[in-house]
S.K.: 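Let me begin by handing over the structure; questions about it come next.
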Amino acid sequence: MATPLSHSSLSPLRTIAVVGLGTMGTGIAEVLARAGRDVVGIDVSEAQAATAVAALESSTARSVERGRLTEQERAEALARVRTSTDLREAADADLVIEVVPESYEIKQQVFRELDGIVRPETILATGTNALSVTRLAAESSRPERVLGLHFFNPAPAMKLVEVVSSVLTSPGAVAAVTDLALDLGKEPVAVGDRPGFVADGLLFGYLNQAAAMYEANYASREDIDAAMRLGCGLPMGPLALLDLIGVDTARTVLEAMYTASHDRLHAPAPILRQLSEAGLTGRKAGRGFYTYEAPGSAAVVPDALTPKAGDTPVPGRPVRSVGVAGSGTMASGIAEVFAKAGYEVVLAARSAEKAQTAKARIGKSLARGVDKGRLTAEAAARTLERITPTGTYDDFADVDLAVEAVAEDLEVKRQLFATLDKVCKPGAVLATTTSSLPVVACARATSRPQDVIGMHFFNPAPAMKLIEVVRTVLTADDVHATVREVCAKVRKHAVDCGDRAGFIVNALLFPYLNNAVKMVQEHYATLDDIDAAMKLGGGYPMGPFELLDVVGLDVSLAIEKVLHREFRDPGLAPAPLLEHLVAAGCLGRKTGRGFREYARR
């Protein structure tokens with residue numbers, strides 16, 4: 001083997017060839033040119049090379065309009081880019097980045113040809129997000145200079161770059177491209193060679209689960225996407241994101257992940273193959289999970305699956321007053337939501353004192369809203385007047401809707417529903433806010449299971465826009481219609497789902513969190529790198545470990561156990577590291593220590 005490259009022997013990476021001028025290659029070329037590098041863009045297609053130049057001109061012109069570039073800076077950046085259809089134009093490059101199609105055959109051919117063209121010290125980088133960097137390096141005559149450099153789309157906007165080493169990669173090569181990434185204004189994360197690396201390794205498992213959920217007719221595509229945007233603060237829903245990435249690309253990544261992991265969560269959902277083979281690969285084809293105005297367009301147009309506006313087969317029951325059972329943060333938040341919307345609210349807890357404390361908490365929340373200019377002092381006072389605290393559920397006798405938000409314990413909830421059955425008037429709708437327990441078990445504790453439904457609010461209830469509406473096989477149509485109407489009146493977005501563990505959000509969120517824990521457990525990446533990768537590469541508002549510590553590791557473990565028990569999939573088994581931390585009392589922010597340590601208040 002040739003002598004490994006040392007950091008000092010590497011020339012500065014000034015001239016860079018980009019092989020493959022699709023969307024990603026063009027974006028990388030723009031980033032490099034704007035950072036002062038000389039760029040040689042190479043593509044087998046002359047037309048594609050011309051398209052790339054036009055895209056660069058258009059993109060940089062928009063940057064000038066927005067004040068991000070001057071006209072002179074734009075002219076200088078464009079002057080630094082030249083294109084060719086001949087790979088031999090890479091001869092003088094210090095670094096070559098290939099972003100050709102995700103195929104070993106195509107990529108290996110590029111690397112073999114480059115071996116005979118570039119200088120011995122030139123670094124060769126693959127932009128793959130699915131294929132083995134080690135396998136590609138092994139095909140090169142100098143494997144120590146081959147590594148992965150995984151940008152995210154759109155490359156000019158996305159901050160994350162994953163720097164992927166194989167066991168053969170020289171530390172000097174890694175240092176050189178890491179320095180380059182920093183010079184480009186990017187956040188480099190060092191990762192080892194496994195399919196999907198960090199960001200896509202976590203992202204594509206989640207996308208696959210969402211596709212399988214849709215394929216099972218558990219929820220509509222619109223509801224799955226809205227649930228993840230509104231329930232988790234994600235910039236896009238998973239099915240819309242699959243259409244943007246390309247259904248065929250997602251299938252390729254998942255196939256590579258499954259080959260390496262044999263985890264059924266990575267086995268591509270059959271619908272991905274069906275759509276790919278039908279040519280329905282997403283936005284680029286004009287149709288995927290959704291239908292678009294034209295190939296390449298982002299504008300979704302109605303199709304046969306689009307829900308019809310105002311399509312309600314039966315009217316709901318009238319609701320004027322609402323009972324909320326519980327005294328914790330969720331119960332007081334829900335009571336606030338209903339009172340703000342004009343409902344008379346009875347807030348019942350195990351004692352009058354607890355109920356008064358919960359009302360006082362609502363008063364403080366409303367006062368903060370007044371301070372921030374979200375409502376007037378008069379509106380806050382009227383809202384608070386609508387809430388009647390009580391220490392007995394007997395005061396639910398006249399409510400039209402009773403919502404429980406007590407402990408997430410099935411026996412506690414069943415006992416409460418048996419009580420509600422006795423005290424609530426005939427025709428009252430009885431709702432549970434459970435996030436993980438079977439709604440039908442609550443329904444069966446009553447003599448009127450047809451009146452029972454799930455209304456899963458998200459914390460904090462006044463701020464979070466989502467409610468998962470959970471029908472059991474026994475729920476009456478007019479009860480479902482009632483809750484949908486109430487959701488609209490309290491200005492929440494309702495999504496429909498069936499009565500199974502996790503509903504939409506938790507069933508997709510917690511396997512993703514569990515997989516992040518497994519990455520740390522296997523020493524593949526650090527907490528900080530994984531959190532950074534998901535925020536910068538996936539647009540997540542919080543990294544998985546930040547979120548786990550906020551939610552509570554005990555709560556997270558309980559939900560993961562419920563999912564594992566319901567779906568019986570080995571891939572859903574809680575990561576041992578999570579179980580160990582919970583056993584040690586490290587539950588997250590609430591105990592001062594979880595995956596990270598927090599200052600005691």
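Index from 1, following the sequence. Predicted, not measured: the structure shown is a model, and the values here were computed from it.
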S.K.: Any donor and acceptor pair, going by atom type alone, linking the side chain of T383 with main-chain N or O of A379 inside 3.5 Å?
M.R.: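 Yes, T383 side chain to A379 backbone: donor-acceptor pair under 3.5 Å.
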S.K.: Can you find a pair of side-chain heavy atoms, one from Q521 and one from P576, that are under 4.5 Å apart?
M.R.: yes
S.K.: Among residues at least two apart in sequence or on other chains, which ones pass salt bridge (Lys or Arg N to Asp or Glu O under 4.0 Å) with D529?
M.R.: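 Checked D529 against salt bridge (Lys or Arg N to Asp or Glu O under 4.0 Å); zero matches.
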S.K.: Any side-chain heavy atom of L207 within less than 4.5 Å of one from F204?
M.R.: yes
S.K.: Evaluate the ring planes of Y206 and Y540, with Trp represented by its six-membered ring, and classify them as parallel (under 30°), tilted (30 to 60°) or perpendicular (over 60°).
M.R.: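 Perpendicular: the ring planes of Y206 and Y540 meet at over 60°.
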S.K.: Which residues satisfy the side-chain hydrogen bond (donor to acceptor under 3.5 Å, both in side chains) test with T249, sequence neighbours excluded?
M.R.: none
S.K.: Going by atom type alone, with no hydrogens or angles, which donor-acceptor pairs under 3.5 Å involve a side-chain atom of residues 224-245 and a protein atom two or more places apart or on another chain?
M.R.:
| unit_1 | atom_1 | unit_2 | atom_2 | d |
| --- | --- | --- | --- | --- |
| D225 | OD1 | L239 | N | 2.9 |
| D225 | OD2 | A240 | N | 3.1 |
| D225 | OD2 | Y290 | OH | 2.7 |
| D243 | OD1 | F289 | N | 2.8 |
| D243 | OD2 | F289 | N | 3.2 |
| D243 | OD2 | Y290 | N | 3.0 |
| D243 | OD2 | Y292 | OH | 2.7 |

S.K.: For the side chain of K359 and the backbone of I387, is there at least one donor-acceptor N/O pair under 3.5 Å apart?
M.R.: yes
S.K.: Please report the closest heavy-atom contact between A428 and D451, naming both atoms and the distance.
M.R.: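 Closest approach of A428 to D451, heavy atoms only: O-CB, 3.7 Å.
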S.K.: Could you give the distance from CG (L254) to CG (D200), rounded to the nearest 0.5 Å?
M.R.: 9.5 Å
S.K.: R221: what forms a salt bridge (Lys or Arg N to Asp or Glu O under 4.0 Å) with it, not counting sequence neighbours?
M.R.: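 For R221, the residues satisfying salt bridge (Lys or Arg N to Asp or Glu O under 4.0 Å) (neighbours in sequence not counted) are D303.
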S.K.: Between H493 and V495, is there a side-chain heavy-atom distance shorter than 4.5 Å?
M.R.: yes
S.K.: Can you measure from CG (D569) to CG (L265) and round to the nearest 0.5 angstrom?
M.R.: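 Rounded to the nearest 0.5 Å, the CG-CG separation comes out at 4.5 Å.
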S.K.: Test side chain to side chain contact (heavy atoms under 4.5 Å, CB included) on V483 and V429 and set out the steps.
M.R.: CA-CA 8 Å; V483 169; V429 174; 4.1 Å; yes
S.K.: Applying side chain to side chain contact (heavy atoms under 4.5 Å, CB included) to L401 and V403, what does each step give before you reach the verdict?
M.R.: CA-CA 7 Å; L401 166 65; V403 181; 3.8 Å; yes
S.K.: State, to 0.1 Å, how close L347 and A335 come at their nearest heavy-atom pair, and which atoms those are.
M.R.: CD1-CB, 4.2 Å
S.K.: For the side chain of D400 and the backbone of R320, is there at least one donor-acceptor N/O pair under 3.5 Å apart?
M.R.: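 Answer holds: yes.
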S.K.: Listed by chain and number, what are the ring-ring contact (aromatic ring centres under 6.0 Å, His included) partners of F457, not counting sequence neighbours?
M.R.: none
S.K.: Determine all donor-acceptor pairs shorter than 3.5 Å in which one atom belongs to a side chain in residues 459-472; sequence neighbours excluded.
M.R.:
| unit_1 | atom_1 | unit_2 | atom_2 | d |
| --- | --- | --- | --- | --- |
| E468 | OE1 | H456 | ND1 | 2.8 |
| E468 | OE2 | I504 | N | 3.1 |
| E468 | OE2 | V505 | N | 2.8 |
| R471 | NH2 | T475 | O | 3.2 |
| R471 | NH2 | D477 | OD1 | 2.6 |
| T472 | OG1 | L474 | N | 2.9 |
| T472 | OG1 | T475 | N | 3.2 |
| T472 | OG1 | T475 | OG1 | 3.1 |

S.K.: Would you find a donor on one side and an acceptor on the other, under 3.5 Å apart, between the side chain of Q450 and the backbone of A476?
M.R.: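 Answer holds: no.
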S.K.: What residues, two or more places apart in sequence or in another chain, satisfy salt bridge (Lys or Arg N to Asp or Glu O under 4.0 Å) together with D499?
M.R.: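 For D499 there are no salt bridge (Lys or Arg N to Asp or Glu O under 4.0 Å) partners, ignoring immediate neighbours.
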S.K.: Would R361 and S332 count as having a side-chain donor-acceptor pair, cut-off 3.5 Å?
M.R.: yes
S.K.: Could you state the interatomic distance from CG (L578) to CG (N514), rounded to the nearest 0.5 Å?
M.R.: 7.0 Å
S.K.: Minimum heavy-atom separation for M257 and G201, please, with both atom names.
M.R.: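 What the structure gives for the nearest pair is CE-O, 3.2 Å.
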S.K.: For the residue pair T390 and D395, confirm or rule out a side-chain donor-acceptor distance under 3.5 Å.
M.R.: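 Judged by distance alone, the side chains do pair up.
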S.K.: Does some side-chain heavy atom of K413 sit less than 4.5 Å from a side-chain heavy atom of V406?
M.R.: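 V406 reaches K413 side chain to side chain.
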S.K.: Closer than 4.0 angstrom, basic N to acidic O: yes or no for K422 and D394?
M.R.: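 No, K422 and D394 are not salt-bridged.
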S.K.: Applying salt bridge (Lys or Arg N to Asp or Glu O under 4.0 Å), can you list everything that pairs with K364, at least two apart in sequence or on another chain?
M.R.: none
S.K.: Measure from NZ or CZ of K489 to the centre of the six-membered ring of Y343, then state whether that distance is under 6.0 Å and the direction lies within 45° of the axis.
M.R.: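 Yes, K489 sits over the ring of Y343.
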S.K.: Output yes when a side-chain donor or acceptor of R568 lies under 3.5 Å from a complementary backbone atom of R565, and no otherwise.
M.R.: yes
S.K.: For L375 and L366, which heavy atoms make the closest approach, and how far apart are they?
M.R.: CD2-O, 3.7 Å
S.K.: Taking the side chain as every heavy atom from C-beta outward, state whether P389 and K354 have any atom pair closer than 4.5 Å.
M.R.: no
S.K.: Taking only distance into account, with no hydrogens and no angle test, what donor-acceptor pairs under 3.5 Å do side-chain atoms of residues 543-556 form with protein atoms, sequence neighbours excluded?
M.R.:
| unit_1 | atom_1 | unit_2 | atom_2 | d |
| --- | --- | --- | --- | --- |
| E546 | OE2 | K535 | NZ | 2.9 |
| E546 | OE2 | G543 | N | 3.0 |
| D549 | OD1 | F595 | N | 2.9 |
| D549 | OD2 | F595 | N | 3.3 |
| D549 | OD2 | R596 | N | 3.1 |
| D549 | OD2 | Y598 | OH | 2.5 |
| D554 | OD1 | K590 | NZ | 2.8 |
| D554 | OD2 | K590 | NZ | 3.1 |
| S556 | OG | G552 | O | 2.9 |

S.K.: Which atom names give the shortest non-hydrogen contact between D496 and H480, and what distance separates them?
M.R.: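 Scanning both residues, the minimum pair turns out to be OD1-NE2, 2.7 Å.
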S.K.: Quick one: does any side-chain atom of T446 pair with a main-chain N or O of C442 as donor and acceptor, under 3.5 Å?
M.R.: no
S.K.: Regarding D421 and R448, does a basic nitrogen lie under 4.0 Å from an acidic carboxylate oxygen?
M.R.: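 Looking at R448 together with D421, the answer is yes, because their closest N to O distance falls below 4.0 Å.
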S.K.: Does F152 have any ring-ring contact (aromatic ring centres under 6.0 Å, His included) partners at least two apart in sequence or in another chain, and if so, which?
M.R.: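 With neighbours one apart ignored, the set is H150.
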S.K.: Find out whether V345 and R386 are in side-chain contact, i.e. whether some heavy atom of one side chain is under 4.5 Å from a heavy atom of the other.
M.R.: no
S.K.: Could you tell me which non-hydrogen atom of A199 sits nearest to which non-hydrogen atom of L160, and how far apart they are?
M.R.: CB-CD2, 4.1 Å
S.K.: Taking only residues two or more places apart in sequence or in another chain, which ones pass side-chain hydrogen bond (donor to acceptor under 3.5 Å, both in side chains) with S220?
M.R.: none
S.K.: Suppose the criterion is side chain to side chain donor-acceptor pair (under 3.5 Å): which pairs have a residue in residues 430-443, not counting sequence neighbours?
M.R.: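 For residues 430-443, and leaving out neighbouring residues, the side chain to side chain donor-acceptor pair (under 3.5 Å) pairs sorted by first residue read E404-T432, E408-T434, E408-S435, E408-S436.
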S.K.: Side chain of E162, backbone of V198: donor and acceptor closer than 3.5 Å?
M.R.: yes
S.K.: For P449, does its backbone N or O pair with a side-chain atom of R444 as donor and acceptor, under 3.5 Å?
M.R.: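 No, the answer is negative, given that no donor and acceptor are paired below the 3.5 Å cut-off.
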